[in-house]
Amino acid sequence: MGLIHIRRPQLTRRQFLHLSGISSVSLLLGGCGTPALEDLVGTVSQPLNQKLEKLIFNPQKLVPEFSPNEIQPEALIVNSFRSTPIIDVDKYRLIVDGEVNHPLNMSMAEIQNLPLTSMIIRHICVEGWAAIVQWGGVQLREIIALAQPKENVQYVYFKSADGYYESWDIASALHPQTLLAYEKNGESLPIDNGAPLRLAAPIKLGYKQSKWVTQITLASHLSIFKGYWEDQGYEWFAGI
């Protein structure tokens, strides 16, 4: 059986500006937390420093990458908050749901049929170590575009096969260097590093980069459950 051909709808400029928060109006509202504005921007659920980080973050700016000879093959430490899950790649499905017009249920073959993006970036762990890694995969913005998000979407939730959970702001999710990776250093992603699919990005600390991703949910509000480590006191935005 041949690969299923996937139509790739593109986010319009208006949709992208709205979702990524680039417009001056959304930047203004995104940085305000006064009661008078809560009826416009929703219940304020983020501390001021997180709002300021979102104001400073430029969702269009690329992070400089490294050269192939700077890759550190042994530096990426394998760590997990639970044991490594067992995943049958042939039966694996990525679910994309929430506030979208076109929910997705994608196989790895369908995901790998999308354009491959490769980048060499530094992965930084909050524990104090770092590693220069080459990741290959599909831009998360490609998947989001396929799902056709509604205009009020502001957050993206990730669920993993091991029970880990995480949430991002939509602007970071749409950054061109935010990948759903299935390759590491030019080879298939090892299961210990998150195969078949994991988040990889140079704009977030390591604990934001979920491994073994099975579900992506787009939402207009941030839940009280923000992320496994965030719910234990870690910073939510965690930008670099």
Side-chain angles (χ1 to χ4, degrees), residues 3-4 6 76-100 102-114 116-117 119 121 123-127 131 133-144 146-147 149 153 155-170 172-173 177-185 187-201 203-219 222-232 234 236 238:
L3 294 179
I4 299 173
I6 302 173
L76 187 65
I77 296 175
V78 174
N79 55 9
S80 172
F81 94 115
R82 288 181 182 166
S83 59
T84 299
I86 299 174
I87 300 173
D88 186 338
V89 176
D90 292 332
K91 296 180 180 178
Y92 171 86
R93 310 295 293 189
L94 175 66
I95 304 299
V96 184
D97 59 10
E99 297 179 43
V100 298
H102 183 60
L104 304 175
N105 186 325
M106 303 180 72
S107 68
M108 279 304 300
E110 291 171 322
I111 292 167
Q112 291 174 336
N113 196 35
L114 296 170
L116 172 68
T117 296
M119 63 183 183
I121 59 166
H123 177 98
I124 300 176
C125 181
V126 72
E127 296 173 348
V133 183
Q134 182 180 32
W135 300 109
V138 59
Q139 290 178 313
L140 180 55
R141 65 198 293 177
E142 290 265 1
I143 301 294
I144 291 175
L146 285 172
V153 165
Y155 303 99
V156 185
Y157 289 87
F158 303 93
K159 290 184 180 179
S160 299
D162 64 341
Y164 195 77
Y165 60 100
E166 190 52 80
S167 63
W168 286 37
D169 60 294
I170 187 65
S172 295
Q177 290 170 295
T178 297
L179 303 186
L180 285 171
Y182 50 81
E183 291 183 358
K184 172 195 164 190
N185 296 335
E187 299 180 351
S188 295
L189 182 67
I191 183 66
D192 286 340
N193 292 130
L197 210 57
R198 64 161 294 154
L199 284 168
I203 57 173
K204 296 287 187 185
L205 289 170
Y207 65 87
K208 302 294 288 187
Q209 300 181 40
S210 301
K211 295 181 284 189
W212 309 296
V213 175
T214 58
Q215 184 174 358
I216 299 173
T217 301
L218 282 71
L222 190 61
S223 166
I224 60 172
F225 301 106
K226 298 177 176 64
Y228 178 80
W229 290 111
E230 293 88 333
D231 293 342
Q232 299 181 56
Y234 282 46
W236 176 74

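- The shortest non-hydrogen separation linking I216 to L180 is CD1-CD1, 3.8 Å.
- With Y207 as the partner, the ring-ring contact (aromatic ring centres under 6.0 Å, His included) test is satisfied by one option alone out of Y164, Y234, W236: Y234.
- Minimum heavy-atom separation, K211 to S160: O-OG, 2.7 Å.
- When the shell of 6.0 Å around CD of Q232 is examined, it contains more than 12 heavy atoms from other residues, nucleotides or ligands.
- Between atom CD of residue Q215 and atom OG of residue S210 there is a gap of 12.0 Å, rounded to the nearest 0.5 Å.
- In this structure, F225 and Y165 have perpendicular ring planes: the angle between them is above 60°, well past the 30° mark.
- Between L218 and V96, the closest side-chain pair of non-hydrogen atoms falls below 4.5 Å.
- Here the closest heavy-atom approach between residue I203 and residue S172 is recorded as CD1-O, 3.6 Å.
- Under the side-chain contact (heavy atoms from CB on, under 4.5 Å) rule, N193 has a single partner from I77, L76, T84, which is L76.
- Taking E183 as the reference, L116 meet the side-chain contact (heavy atoms from CB on, under 4.5 Å) condition, with sequence neighbours excluded.
- Between L104 and L94 there is no side-chain heavy-atom pair separated by less than 4.5 Å.
- Annotation: side-chain contact (heavy atoms from CB on, under 4.5 Å) contacts of A219 (sequence neighbours excluded): E99, Y157.
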Run K204 and D169 through salt bridge (charged side-chain N to carboxylate O under 4.0 Å, His left out) and show every step you take. CA-CA 11 Å; K204 296 287 187 185; D169 60 294; 3.1 Å; yes

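- Using modelled atom types, one side-chain atom of S167 and one backbone atom of K226 make a donor-acceptor pair closer than 3.5 Å.
- Note that the CD atom of Q177 and the CH2 atom of W135 stand 14.5 Å from one another [nearest 0.5 Å].
- By the 4.0 Å N-to-carboxylate-O rule, D192 lies too far from K184 to be salt-bridged with it.
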Before you tell me yes or no, could you show the steps for Y92 and L197 under side-chain contact (heavy atoms from CB on, under 4.5 Å), namely the whole-Å CA-CA distance, both residues' side-chain angles and the distance that decides it to 0.1 Å? CA-CA 10 Å; Y92 171 86; L197 210 57; 3.6 Å; yes

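- Under the 4.5 Å side-chain criterion, counting only non-hydrogen atoms from C-beta, S107 is in contact with R93.
- Between the side chain of Q209 and the backbone N or O of A201 there is at least one donor-acceptor pair closer than 3.5 Å.
- Separation of atoms CD1 (I124) and CG (L205) is listed at 7.0 Å; rounding is to 0.5 Å.
- Going from atom CE of M106 over to atom CD1 of I143 covers 4.0 Å, rounded to the nearest 0.5 Å.
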